[in-house]
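In this text, all values refer to a predicted model and were calculated from it rather than measured experimentally. Keep in mind that the numbers below use all heavy atoms, side chains included, and drop hydrogens, waters and symmetry copies. So you know, we letter chains A, B, ... as the sequences are listed, proteins then strands, and number each from 1.
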2 protein chains.
Amino acid sequence: MGKYHHGDVRNVLLQQAENILNEEGPSGLSLRRLARLTGVSEAAPYRHFDGKDGILAAVAIDAFERFAERLENVAANVQKHEERIMALGAAYVHFAVDFPQHFRLIFGRERPPLDQYPELREAADNAFDVLQRAVTSVNRRADMTLNEAATAYNRALAAWSRAHGIAMLVIDGMIVPPADQELDDFVLGLLAEDLTAPENS
Amino acid sequence: MGKYHHGDVRNVLLQQAENILNEEGPSGLSLRRLARLTGVSEAAPYRHFDGKDGILAAVAIDAFERFAERLENVAANVQKHEERIMALGAAYVHFAVDFPQHFRLIFGRERPPLDQYPELREAADNAFDVLQRAVTSVNRRADMTLNEAATAYNRALAAWSRAHGIAMLVIDGMIVPPADQELDDFVLGLLAEDLTAPENS
DNA sequence: CATTTATGTTAACAACATTAACATAGTCAA
DNA sequence: TTGACTATGTTAATGTTGTTAACATAAATG
């Protein structure tokens with residue numbers, strides 16, 4: 001009775017899952033509803049994914065890849081070290097603003113456990129490697145002292161956490177970027193603030 | 001048959017809910033299990049809370065209050081402006097590390113909508129006011145130019161987002177604070193990094 | 001062509017949030 | 001005190017969820 005091979009059911013499910021996720025977040029994504037919307041029986045998704053976590057993992061992998069791609073592009077196109085750090089931070093936040101649910105998924109606790117999905121772990125490691133490499137590359141020289149290396153590492157962490165904090169607070173609506181300014185400029189301004197500088201900047 | 005008035009059921013439920021939340025996060029908190037663990041019927045919680053969101057709201061209010069309390073203490077006890085910003089950032093992260101689930105609850109998307117729980121909104125506003133006020137108080141002088149005021153505001157945002165980013169990445173396990181260093185010192189170091197400074201700091 | 005595998009189905013299960021219908025303890029006015 | 005009202009408890013029901021089992025058929029493979 002049922003139609004078989006309506007096309008690439010797996011991809012249709014995945015695409016539909018991304019749509020739902022974008023609008024309602026991971027908790028609003030119900031497997032049964034997903035199946036219904038896709039026009040397939042309620043148990044069909046289990047033939048293509050390892051349950052709900054499996055679908056979330058697939059979406060997260062996709063998100064990690066797009067995320068890494070963007071960062072790589074930016075890192076490759078900005079030569080000067082300081083500028084590259086800044087540009088990466090801006091791109092980081094920009095991605096979060098463009099795909100807030102995906103961003104939350106890859107960082108939040110609804111992300112399926114990395115050790116249960118090797119491809120997910122790989123995608124995650126790759127994205128963070130891109131980030132870390134791009135930030136520390138210039139600093140990592142053979143003749144660095146231990147202290148200098150530690151400093152370079154701290155810089156990477158500082159840059160990363162700043163971008164992450166801005167991203168989170170913006171997509172949570174706690175920080176509202178000014179309407180009369182480009183998002184990137186706003187982010188660059190925040191990243192460049194030096195809290196130890198005198199007050200009259 | 002059933003015992004009535006086992007004591008303060010509302011508070012027992014709330015306490016139990018906090019326990020469960022600490023161990024398993026908001027998704028692991030099931031109303032029915034909560035009721036069972038509390039030794040009360042499965043519908044009883046609905047007499048004391050507005051469903052699951054109601055319980056989460058109550059927990060979140062509690063968390064906001066503890067959070068604000070800590071920040072207020074720190075702000076009141078540190079006089080120098082730069083030092084206060086830093087100390088607040090450290091306290092911010094420290095709270096997140098001490099109560100990761102509560103921190104996630106008050107910032108994440110599982111937090112019940114503020115406009116449905118006025119007390120929750122009040123608690124949230126209060127916490128952020130404490131933060132904002134403590135960071136900008138010294139800068140906000142009557143004779144400030146518009147530009148100076150904007151700068152002060154940006155500083156507050158920068159401080160906030162940095163602390164938030166560190167907090168998030170640490171409790172998500174993406175950043176692992178060195179074991180041989182006090183958490184506060186580690187955080188202070190990251191907060192003080194100036195990304196625009198020359199590389200050999 | 002026969003068999004195996006991939007992919008679909010329906011039906012069932014247990015857990016969940018929520019609500020309705022009902023019962024009793026505590027409170028308070030008459 | 002008594003009688004009504006309210007607060008707080010109960011059980012039972014509804015509808016949704018994730019997941020699995022039992023079954024059916026298309027596609028691939030020998």
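Distance, B:His48 NE2 to D:dT10 C1': 12 Å, rounded to whole Å. Rounded to whole Å, the distance from CG on B:Leu13 to P on D:dT8 is 12 Å. Spacing between atom CZ of A:Phe49 and atom P of C:dT7 amounts to 12 Å, rounded to whole angstrom units. Atom CZ in B:Arg36 sits about 14 Å away from atom P in D:dT10, given to the nearest Å.
Around atom CD of A:Gln116, more than 12 heavy atoms belonging to other residues, nucleotides or ligands sit under 6.0 Å away. The neighbour count for A:Glu119 CD, taken as heavy atoms of other residues, nucleotides or ligands under 6.0 Å away, does not exceed 12.
Ring pair B:Phe67/B:Phe99: centre-to-centre distance not below 6.0 Å. Ring centers of A:Phe107 and A:His164: under 6.0 Å apart, within the cut-off. Outside the 6.0 Å centre-distance limit, the rings of A:Phe64 and A:Phe103 are not counted as a close aromatic pair.
Side-chain proximity of A:Ala44 to D:dG9, D:dT11, C:dT9: nearest is C:dT9.
To the nearest 0.5 Å, atoms CZ (B:Phe128) and CG (B:Asn126) are separated by 10.0 Å.
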Its contact letters, B for base, S for sugar-phosphate only and - for none at protein heavy atoms under 4.0 Å, make nucleotides 18-23 of chain D read BBB-BB
